[in-house]
There are 2 protein chains.
Amino acid sequence: MTLSARANPDLLATLEDRGYRVTRPRREVVNLLGQKQEGFSAEEVCAELPGVGRATVYRSIKLLLEAGVVCKLMLPNGGQKYSLARGEHHHHTVCVMCGTVGEFRDSSVERVLRTIGADIPGKIVGHRMEFYITCQDCLDTS
Amino acid sequence: MTLSARANPDLLATLEDRGYRVTRPRREVVNLLGQKQEGFSAEEVCAELPGVGRATVYRSIKLLLEAGVVCKLMLPNGGQKYSLARGEHHHHTVCVMCGTVGEFRDSSVERVLRTIGADIPGKIVGHRMEFYITCQDCLDTS
DNA sequence: CAGAAACTGATACAGTGTATCATGACACTC
DNA sequence: GAGTGTCATGATACACTGTATCAGTTTCTG
Ligand SMILES: [Zn+2]
Ligand SMILES: [Zn+2]
Ligand SMILES: [Zn+2]
Ligand SMILES: [Zn+2]
């Protein structure tokens, strides 16, 4: 298994490559996300970018999601967070105490998932997997 | 892997055992859910039970969730559905076309997940996993 | 049957995301 | 560098799912 740490992709270039215009609001969103090492919520981004409309923040995140450079995480309570996708297919851990997001890759999971997928009737179009944890910091603090 | 098919638990008895009162609204909710073989949304239940208040429907589903006899599913778009939990730990498939929910168990996944969990710093408190599919019916129809 | 405790449901609220649409900014050509 | 078509913005309103409140009702226990 790989606990990740790798360089951020150039989010702005990703948008440009996909034919979207480079605008001030998009630059601001993308710059902010580029700093964020942990997961973030859309509202959090809105709050930190008062110069960018809420709708635009949501739209930008959606574009980045579709481009595959941002991923969406589901929390146990139904909430959602986002996280930069640095590189290849991976999955996430979320601390249920503090919300910190981690990332990991594991080829054996993917292999098992492929095996299961072969037994499921119909066509697999994707999968989701998250670990809910109490992170070391939260364990230490309590 | 096991593609499931098994008897429904007695939902009402589950609530009773947990010290909750047996009331008409709860009976109605529980009876309806007992029929539902596929996933369902909370609003769908509300619509089918005009004699039960919306809040009560949500509250009842929450109690059944906590009791572990109902599970929550996350859809790719962030939506949520629920499904009866017939028996032991399992995971779900959701058709992205028609929304039909399936269920499967697989011990090798769980084994791999335990292995990964051992490498993740912190304490694992749960996990989530869903397959998104296009089901056979939807494939046939298109 | 009486009383305490739990439950209900109408309503209002909260959180997250989307639709609308008039206005403004971008990129490209000349 | 100005002109122009198209795309993007953001204020607002809306949609959806779930929760908080609270007066009034039902259930259970004794
Ligand atoms: Zn995977
Ligand atoms: Zn933590
Ligand atoms: Zn289907
Ligand atoms: Zn599992």
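Convention: sequence-line order gives letters A, B, ...; per-chain numbering from 1. Keep in mind that the numbers below use all heavy atoms, side chains included, and drop hydrogens, waters and symmetry copies. Model, not experiment: these values are computed from the prediction.
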With [X] via salt bridge (charged side-chain N to carboxylate O under 4.0 Å, His left out) - residues at least two apart:
X        : answer
Glu38(B) : none
Arg21(B) : none
Glu16(A) : none
Arg24(A) : Glu28(A)

Subject >> Verdict with reasoning, Arg86(A) to Glu88(A), per salt bridge (Lys or Arg N to Asp or Glu O under 4.0 Å) >> reply: CA-CA 7 Å; Arg86(A) 303 183 191 76; Glu88(A) 327 96 35; over 6 Å; no
What residues form a side chain to side chain donor-acceptor pair (under 3.5 Å) with [X], not counting sequence neighbours?
X         : answer
Glu43(A)  : Arg54(A), Tyr58(A)
Ser108(B) : Asp106(B)
Asp140(B) : Gln136(B)

Original post:
Under the ring pair (Phe, Tyr, Trp, His ring centres under 6.0 Å) rule, what pairs show up with a residue in residues 10-30 of chain A, not counting sequence neighbours?
Top reply: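 Every pair satisfying ring pair (Phe, Tyr, Trp, His ring centres under 6.0 Å) with a residue in residues 10-30 of chain A: there are none.
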How many Å lie between [atom1] on [X] and [atom2] on [N], as a whole number?
X        : N       : atom1 : atom2 : result
Glu44(B) : dC16(D) : CD    : C1'   : 15 Å
Ile61(A) : dA8(D)  : CD1   : P     : 17 Å
Leu15(B) : dT26(D) : CG    : C1'   : 16 Å

**OP:** For Gly51(B), report the nucleic acid contact type (base, sugar-phosphate, nothing); a contact means any heavy atom under 4.0 Å.
**Re:**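 Touches sugar-phosphate only.
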Original post:
What bend angle does the helix from dC1(C)-dG30(D) to dC30(C)-dG1(D) show across its length, from five-pair end axes and to the nearest 10 degrees?
Top reply: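 It comes to 30° between the two terminal axes.
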Original post:
Think Arg26(B) has a side-chain N or O under 4.0 angstrom from the OP1 or OP2 of dT27(D)?
Top reply: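 Negative; the distance criterion is not met.
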Original post:
Once each nucleotide of nucleotides 14-19 of chain C is scored for protein heavy atoms under 4.0 Å, what B/S/- sequence comes out, 5' to 3'?
Top reply: --SBB-
**OP:** Do nucleotides 23-29 of chain C as a string where each nucleotide becomes B, S or -: B if the base has a protein heavy atom under 4.0 Å, S if just the sugar-phosphate does, - if no protein is that close.
**Re:** --BBS--
**OP:** Mark yes or no for whether Thr93(A), through its side chain, and Gly102(A), through its backbone, hold a donor-acceptor pair below 3.5 Å.
**Re:**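 Yes: the side chain of Thr93(A) pairs with the backbone of Gly102(A).
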For residues 123-132 of chain B, run the donor-acceptor check on the side chains, cut-off 3.5 Å, and write out each pair with its distance to 0.1 Å, sequence neighbours left out.
{"residue": "His127(B)", "atom": "NE2", "partner": "His89(B)", "partner atom": "NE2", "Å": "3.1"}
{"residue": "His127(B)", "atom": "NE2", "partner": "His91(B)", "partner atom": "NE2", "Å": "3.2"}
{"residue": "His127(B)", "atom": "NE2", "partner": "Glu110(B)", "partner atom": "OE1", "Å": "3.3"}
{"residue": "Arg128(B)", "atom": "NE", "partner": "Tyr132(A)", "partner atom": "OH", "Å": "3.1"}
{"residue": "Arg128(B)", "atom": "NH1", "partner": "Glu130(B)", "partner atom": "OE2", "Å": "2.5"}
{"residue": "Tyr132(B)", "atom": "OH", "partner": "Arg128(A)", "partner atom": "NE", "Å": "3.2"}
{"residue": "Tyr132(B)", "atom": "OH", "partner": "Met74(B)", "partner atom": "O", "Å": "2.7"}

